[in-house]
Amino acid sequence: MSPVFALVDCNNFYASCEKLFRPDLKNTPVIILSNNDGCVVARSKEAKALGIKMGIPVFKIRPQIRRYGIRMFSSNYALYADISHRVMVTLEEMAPRVEIYSIDEAFLDLTGMQSAIDLVEFGGRVRETINQWVGIAVCVGIAPTKTLAKLANHAAKRYPATKKVVDLSSRKRQRKLMALTPVEDIWGIGGRLSKRLQSMGIHNALDLADTSAKSIRQQFSVVLERTVRELNGESCIEFAQVPPTKKQIVCSRSFGSEITAYQQMGEAVCEYVTRAGEKLRKEHQQARLLTVFIHTSPHKQNKPQYSRSLSGELPLPSDDTRDLLELSMKLLKRIWREGYGYVKAGVILSDFYDVGVFQSGLFDELAMRSNSHLLMSTLDNINHSGLGRVFFARQGMRRDWAMRREYLSPAYTTHWDDLIKVR
DNA sequence: TCTGGGGTCCTAGGACCC
DNA sequence: TCTGGGGTCCTAGGACCC
């Protein structure tokens with residue numbers, strides 16, 4: 001049976017989440033800032049209309065912010081994750097199979113349903129339900145491949161006449177839309193590829209679809225070949241209801257202010273290691289490889305630059321924060337250089353094993369810590385309970401390097417004290 | 001003054017082996 | 001004159017996504 005995919009994508013997701021609890025900001029331009037309040041990572045439709053670009057550093061648009069009364073918010077991931085969950089649960093009630101693709105997007109597998117229901121009508125129902133139950137606006141694109149469903153969704157957002165639902169089941173409609181879609185708007189084609197394609201005379205999606213898949217593979221890669229096939233209605237990217245287990249876990253942050261002292265860098269790295277350990281246990285994995293990296297600001301070319309990373313292997317795969325901390329401090333000691341102003345550090349865990357699967361050598365003297373599981377799950381439980389936080393002394397108390405979040409909205413949905421009050 | 005964070009996949013090239 | 005060839009594994013780097 002030929003597959004049918006629907007892509008449901010929330011409109012201006014982070015901005016919509018912030019506006020959900022602030023009806024007073026209904027027609028106000030709103031922007032969401034990256035960690036450290038550095039760049040713009042999301043915009044409401046009003047902010048987009050003012051020409052505020054994605055990823056631009058905030059300091060470059062201060063004049064516009066003042067002139068147009070743009071409201072700023074620091075990223076509030078606890079809030080966005082909670083709203084996202086509500087959207088996804090709603091989708092799971094409406095469709096037989098759902099693949100959560102990102103915080104604000106999901107693919108639905110509608111294969112086999114096309115004979116029983118009107119796909120456009122179904123898309124409209126999804127929109128209405130999410131709007132009523134969660135209060136978030138979404139667009140729906142429907143097509144026989146994921147790449148075309150992305151394209152359909154793009155069109156639903158862009159052309160008001162579509163009423164925010166586009167069904168690209170017919171080849172004729174696919175070709176018509178592809179002719180209108182610039183090559184850089186295709187899923188999987190970024191800045192580099194689109195430049196190369198343009199120079200070959202391939203300007204829109206239809207141009208690309210009509211290029212032979214074989215020659216694309218020779219000149220580019222199998223990835224782009226797949227895109228060409230998908231544009232021609234041949235489904236190459238499978239539906240994945242169960243998310244694959246992670247292959248690496250990264251925890252890194254820019255600092256609120258430069259770090260010059262080893263003590264502080266140690267605190268920061270410990271903090272990131274602890275975070276990474278929590279994520280690792282949530283995945284039910286143990287890691288054998290740990291990488292630590294630190295670097296100065298590449299934007300300050302007049303100051304001395306230093307950037308280094310170092311990986312180390314644990315004697316046995318582990319998910320015990322104490323093991324991870326010990327190794328990370330050894331690695332940090334080796335890459336630390338005095339005399340630089342560091343702006344960022346991070347930790348990467350990789351080489352994962354399922355808990356209990358790793359085969360240790362017959363004469364391996366290194367026994368795993370016997371109380372590890374109990375201690376770690378107790379720690380995780382306390383820290384998730386909302387009653388308080390337990391942490392390792394090395395993480396530090398003062399944290400004067402912590403990131404800036406000057407414009408943070410309240411945790412409306414995840415913290416009792418921040419619950420919205422109706423008088 | 002001020003420039004995010006967290007992921008994936010693919011490929012080329014080197015090391016090493018037989 | 002003329003100096004193998006093929007396979008595997010690993011890593012770094014490039015490209016993409018949200």
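The model shown is predicted, which means the values in this text are computed figures rather than measured ones. Just so it is clear: chains get the letters A, B, ... in the order the sequence lines come, proteins before strands, and each one is counted from 1. Hydrogens, waters and symmetry mates are skipped; everything else that's a heavy atom, side chains included, is used.
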**Item:** Tyr342(A)-Trp336(A) aromatic ring centre distance below 6.0 Å
**Value:** yes
**Request:** Indicate yes or no for a side-chain donor-acceptor contact from Asn36(A) to the backbone of Phe255(A) under 3.5 Å, with no hydrogens or angles considered.
**Result:** yes
**Asked** How about Trp187(A) and Tyr101(A): are their ring centroids closer than 6.0 Å?
**Response** yes
**Asked** So which nucleotide from dC10(B), dG6(B), dT3(B) ends up closest to the side chain of Ser252(A)?
**Response** dG6(B)
**Exercise: identify the closest heavy-atom pair between Met178(A) and Asn204(A)** = O-CB, 3.7 Å
**Item:** Proximal nucleotide (of dC17(C), dG7(B), dT3(B)) relative to the Ile249(A) side chain
**Value:** dG7(B)
**Asked** Is Thr111(A) reaching over with its side chain to a backbone N or O of Val4(A), donor-acceptor style, under 3.5 angstrom?
**Response** yes
**Asked** Do the charged groups of Arg192(A) and Glu184(A) touch, with an N to O distance under 4.0 Å?
**Response** no
**Message:** Between dC16(B) and dG4(C), how far apart are the two C1' atoms, rounded to whole Å?
**Reply:** 16 Å
**Prompt:** Which listed nucleotide (dC10(B), dG6(B), dC17(C)) is nearest to the side chain of Tyr101(A)?
**Reply:** dC17(C)
**Message:** Applying a 4.0 Å non-hydrogen cut-off, can you work out what Ile186(A) is touching in the nucleic acid: base, sugar-phosphate, or nothing?
**Reply:** sugar-phosphate
**Asked** Taking atom C1' of dT1(B) as reference, at what distance in whole Å does atom NZ of Lys300(A) sit?
**Response** 9 Å
**Request:** Determine the interatomic distance between P on dT3(B) and the same-named atom on dC17(C); round to the nearest Å.
**Result:** 25 Å
**Asked** When all nucleic acid strands are considered with a 4.0 Å heavy-atom cut-off, which category describes Val58(A): base, sugar-phosphate, or nothing?
**Response** nothing
**Fill in**
Ranking dT8(B), dC18(C), dG6(B) by distance to the side chain of Lys247(A), first place goes to dT8(B)
**Message:** From NZ of Lys246(A) over to P of dG7(B), roughly how many Å is that when rounded to an integer?
**Reply:** 5 Å
**Request:** Measure from CD on Gln218(A) to P on dT11(B) and round the result to the nearest Å.
**Result:** 13 Å
**Asked** Distance check: side-chain N/O of Ser75(A) vs OP1/OP2 of dG5(B), anything under 4.0 Å?
**Response** no
**Nearest to side-chain heavy atoms of Arg192(A), which nucleotide of dA15(C), dC9(B), dG4(B)** = dA15(C)
**Asked** Closer than 4.0 Å, any side-chain N/O of Lys150(A) to the OP1 or OP2 of dC17(C)?
**Response** no
**Request:** Give one of base, sugar-phosphate or nothing for Glu105(A), where a contact means two heavy atoms less than 4.0 Å apart.
**Result:** sugar-phosphate
**Test of ring centre spacing under 6.0 Å for Tyr340(A) and Tyr306(A)** = yes
**Request:** With heavy atoms under 4.0 Å as the rule, sort Lys195(A) into base, sugar-phosphate or nothing.
**Result:** nothing
**Message:** Is there a side-chain contact between Ser254(A) and the phosphate of dT3(B), meaning an N or O under 4.0 Å from OP1 or OP2?
**Reply:** no
**Message:** Using a heavy-atom cut-off of 4.0 Å across all strands, would you classify Leu33(A) as base, sugar-phosphate, or nothing?
**Reply:** nothing
**Asked** Contact class for Arg62(A) vs. all strands (heavy atom < 4.0 Å): base, sugar-phosphate, or nothing?
**Response** nothing
**Asked** Looking only at side-chain N and O atoms, does Arg226(A) come under 4.0 Å of OP1 or OP2 in dC9(B)?
**Response** no
**Item:** Any donor-acceptor pair under 3.5 Å from Ser169(A) side chain to Ala143(A) backbone
**Value:** no
**Asked** What stems, by residue range, does DNA chain B take part in, given at least 3 consecutive Watson-Crick or G-U pairs under 3.5 Å?
**Response** B:5-18 with C:5-18
**Message:** Please classify the nucleic acid contact of Asn35(A) as base, sugar-phosphate, or nothing, using heavy-atom distances under 4.0 Å.
**Reply:** sugar-phosphate
**Message:** Classify Ile56(A) by what it touches in the nucleic acid, base, sugar-phosphate, or nothing, heavy-atom distance under 4.0 Å.
**Reply:** nothing
**Prompt:** With a cut-off of under 6.0 Å to the ring centre and 45° to the axis, is Lys246(A) in cation-pi contact with Phe352(A)?
**Reply:** no
**Message:** Expressed as a whole number of angstroms, how long is the span from His154(A):NE2 to dC18(C):P?
**Reply:** 10 Å
**Item:** Arg404(A) CZ - dC2(B) P separation (whole Å)
**Value:** 9 Å
**Fill in**
Between CZ of Arg196(A) and P of dA15(C) the distance, given in whole Å, is 8 Å
**Message:** Has Arg71(A) got a side-chain atom pairing as donor or acceptor with Leu25(A)'s backbone, closer than 3.5 angstrom?
**Reply:** no
**Prompt:** What is the nucleic acid contact for Asp104(A), judged by heavy atoms within less than 4.0 Å: base, sugar-phosphate only, or nothing?
**Reply:** sugar-phosphate
**Request:** Between Asp37(A) and Gln248(A), just flag the one whose closest nucleotide in DNA chain B comes earlier from the 5' side.
**Result:** Asp37(A)
**Prompt:** Looking across every strand, which nucleic acid part, if any, lies under 4.0 Å from Gly191(A) by heavy atom: base, sugar-phosphate, or nothing?
**Reply:** sugar-phosphate
**Val222(A) or Tyr14(A), whichever maps to the more 5' nucleotide of DNA chain B** = Tyr14(A)
**Prompt:** In whole angstrom, what separates Glu313(A)'s CD from dC10(C)'s C1'?
**Reply:** 13 Å
**Message:** Please classify the nucleic acid contact of Ile103(A) as base, sugar-phosphate, or nothing, using heavy-atom distances under 4.0 Å.
**Reply:** nothing
**Prompt:** What nucleotide among dC17(C), dT3(B), dT11(B) has an atom nearest to a side-chain atom of Ser221(A)?
**Reply:** dT11(B)
**Item:** Atom-pair distance (CD1 on Ile61(A); C1' on dT3(B)), nearest Å
**Value:** 12 Å
